[in-house]
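The block underneath contains the structure these notes are about, expressed in structure tokens.
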Protein chains: 2
Amino acid sequence: MTNVLASQTVQLYDRLRAAILSLDLAPGERLTERGLEASFDASRTPVRAALGRLDAEGLVQRDGRGWIVSPIDLAEIGALAELREAVEGAAVRLAVQRATDADIAAVAALLDAARPGEGGGTDAEQGVRAGGDFHEQLTRLSGNPAMVDAVRGAMTRLARTRWLEVRTPAAREQAWLEHRAVLNALEARDADTASRLLTGHIRGTNDRLLAALAADSRRLRGHGLAIVPDAPPVTPR
Amino acid sequence: MTNVLASQTVQLYDRLRAAILSLDLAPGERLTERGLEASFDASRTPVRAALGRLDAEGLVQRDGRGWIVSPIDLAEIGALAELREAVEGAAVRLAVQRATDADIAAVAALLDAARPGEGGGTDAEQGVRAGGDFHEQLTRLSGNPAMVDAVRGAMTRLARTRWLEVRTPAAREQAWLEHRAVLNALEARDADTASRLLTGHIRGTNDRLLAALAADSRRLRGHGLAIVPDAPPVTPR
DNA sequence: GCATCCGATTTGGTATACCAAGGTGGTGTA
DNA sequence: TACACCACCTTGGTATACCAAATCGGATGC
């Protein structure tokens with residue numbers, strides 16, 4: 001039969017990616033191919049392949065001849081939020097025209113299943129996953145795969161900070177309600193309202209995130225996180 | 001290979017990319033790592049690295065266990081045009097707020113220098129390059145690197161067909177005039193007009209491109225180009 | 001005591017050998 | 001003649017050896 005077991009490269013990519021997104025590998029941390037080879041018990045060939053894919057995703061980057069886990073860059077976070085406003089705002093307008101009621105209901109069902117308060121586990125992780133999934137699924141209703149890819153790529157780059165957005169139950173509840181409101185407008189085929197609510201949600205969430213990041217940056221840096229402030233360029237290490 | 005500045009991998013990536021974009025490697029053509037190794041006189045390691053980067057760019061893709069040059073996909077072209085409308089339309093609105101007069105004048109100077117009839121190279125190549133550069137530079141005026149990346153990625157995926165848009169001197173003149181009109185609105189700090197003109201330009205150009213592609217698809221296929229016809233709606237993942 | 005130079009070590013870049021899986025063609029049999 | 005089977009060969013996946021450049025440390029000379 002075919003590959004029931006994923007190839008070493010895929011496994012390694014998944015494990016490295018998970019380690020970066022969980023902040024197990026800190027932003028700004030230096031990576032060496034031979035170090036990863038030892039840590040993950042694979043040879044350099046799959047290590048290099050995984051690094052290449054993560055580089056394309058923006059999760060690692062070159063630092064001179066070497067590699068670093070991409071630092072958290074406040075300017076990049078703002079830029080990605082603007083991109084999401086543009087893409088998701090247009091996508092939901094397309095969804096008003098193209099998505100069937102059943103398509104919308106399916107996304108609504110996912111949203112309802114992820115209503116805050118259900119289930120235990122890590123609330124923050126749950127909130128991050130639910131939020132990322134919601135925005136990707138919503139964009140998918142546009143029927144435009146290029147927009148889905150753009151949104152997914154942005155959400156990936158933002159994944160390491162989004163847990164800050166959903167730290168409190170109140171924040172999770174607000175996000176859920178705003179998501180629900182967008183879907184309501186979409187169900188009512190009200191493109192202007194849906195787009196306005198969605199872009200407002202993205203902008204508001206981002207504003208709160210940047211505020212939290214700025215407030216906590218000293219403490220986060222103390223935990224070993226490299227956070228690139230707004231103005232100056234990258235000064236790794 | 002004595003070039004000290006560019007590594008083998010970068011050189012190979014550039015040459016492969018050029019071969020794909022120039023249609024020297026036909027869309028849909030099967031690629032083997034060992035074949036490329038022989039054709040480009042490099043070992044498999046840089047070949048694999050280059051293929052990985054081109055895969056991330058969408059210029060090659062996996063086909064089972066092997067590789068193919070990405071076919072030209074009419075649905076993808078339409079989707080990318082929609083993405084560009086959303087991103088570039090928003091970017092020019094940001095540019096109205098953020099770009100200095102000098103920034104805008106610099107882009108205008110580039111546009112004037114690329115006025116149809118000037119310069120060298122074949123007219124079509126010239127038109128493709130000028131168009132791609134213009135849209136990227138225009139997006140750059142937004143000050144948002146994520147938007148620039150999104151537009152550049154879309155233009156890369158579209159590069160193999162854009163020559164069809166600018167086949168005739170009349171088409172090149174029209175594109176140039178529409179570009180100029182966007183810049184005029186931007187100089188006048190008229191966000192609504194700039195965004196409307198730009199999205200209309202992107203949509204109109206794309207419509208003409210799709211019409212030309214549909215009309216010529218038989219002949220193009222005869223030249224060995226694999227063109228994927230309009231596919232059914234999205235059901236990925 | 002300080003600066004400088006040199007060499008050992010570490011690093012990514014490259015070439016290549018080996019492996020397993022899948023496809024192909026030929027051959028032998030019914 | 002048609003079909004089934006098997007050997008071979010091509011392919012991507014992986015491991016690893018070697019190289020050049022950069023770095024770091026210590027020894028040396030002023």
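Hydrogens, waters and symmetry mates play no part in the numbers below; they use all other heavy atoms, side chains included. In what follows, chains carry the letters A, B, and so on, assigned in the order in which the sequence lines appear, proteins first and then strands, with residues in each chain numbered from 1.
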Inset, instruction - Using a cut-off of strictly less than 4.0 Å, decide whether A:Arg44 has a side-chain nitrogen or oxygen near OP1 or OP2 of D:dT16. - result: no

Inset, instruction - Measure the CG-CD distance between B:Asp41 and B:Gln8 for me, rounded to the nearest 0.5 Å. - result: 7.5 Å

Inset, instruction - Starting at atom CG of B:Asp63, determine the distance to atom C1' of D:dG12, rounded to an integer number of angstrom. - result: 13 Å

Inset, instruction - Would you verify whether the NZ or CZ of A:Arg62 falls within 45 degrees of the ring axis of A:Trp67 while also being under 6.0 Å from that six-membered ring's centre? - result: yes

Legend entry - Spacing between B:Arg53 atom CZ and C:dG13 atom C1', to the nearest angstrom: 14 Å

Legend entry - A:Trp67 CH2 to C:dG13 C1', straight-line distance once rounded to whole Å: 12 Å

Inset, instruction - Could you state the atom-to-atom distance from CG of A:Asp41 to C1' of D:dA15 in whole Å? - result: 12 Å

Legend entry - 5' precedence on DNA chain C between A:Leu31 and B:Arg34 (nearest-nucleotide basis): A:Leu31

Legend entry - Neighbour count >12 (heavy atoms, 6.0 Å) for atom CZ, B:Arg98: yes

Legend entry - Shortest side-chain distance from A:Thr32, nucleotide among D:dT14, C:dA15, C:dG12: C:dG12

Legend entry - Ionic contact status for B:Arg157 with B:Glu57, cut-off 4.0 Å: no

Inset, instruction - Record whether the side chain of B:Arg62 comes under 3.5 Å of the base of D:dG12 through a donor-acceptor pair of N or O atoms. - result: no

Inset, instruction - Rounded to the nearest angstrom, tell me the gap between atom CZ in A:Arg48 and atom P in D:dA15. - result: 15 Å

Inset, instruction - Could you tell me the separation between the CD atom of A:Glu37 and the P atom of C:dG12, rounded to a whole number of Å? - result: 10 Å

Legend entry - Interatomic distance where CD belongs to B:Gln11 and P belongs to C:dG13 [whole Å]: 15 Å

Legend entry - Selection from D:dA15, D:dG12, C:dG12 that lies nearest to any side-chain heavy atom of B:Arg65: D:dG12

Legend entry - NZ/NE/NH1/NH2 to OD/OE distance under 4.0 Å, B:Glu37 and B:Arg44: no

Legend entry - Between C:dC19 (P) and B:Glu33 (CD): distance, integer Å: 19 Å

Inset, instruction - Report yes if a side-chain nitrogen or oxygen of A:Thr9 is closer than 4.0 Å to either non-bridging phosphate oxygen (OP1 or OP2) of D:dT14; otherwise report no. - result: yes

Legend entry - A:Thr45 vs D:dT14: side-chain N/O to OP1/OP2 distance below 4.0 Å: no

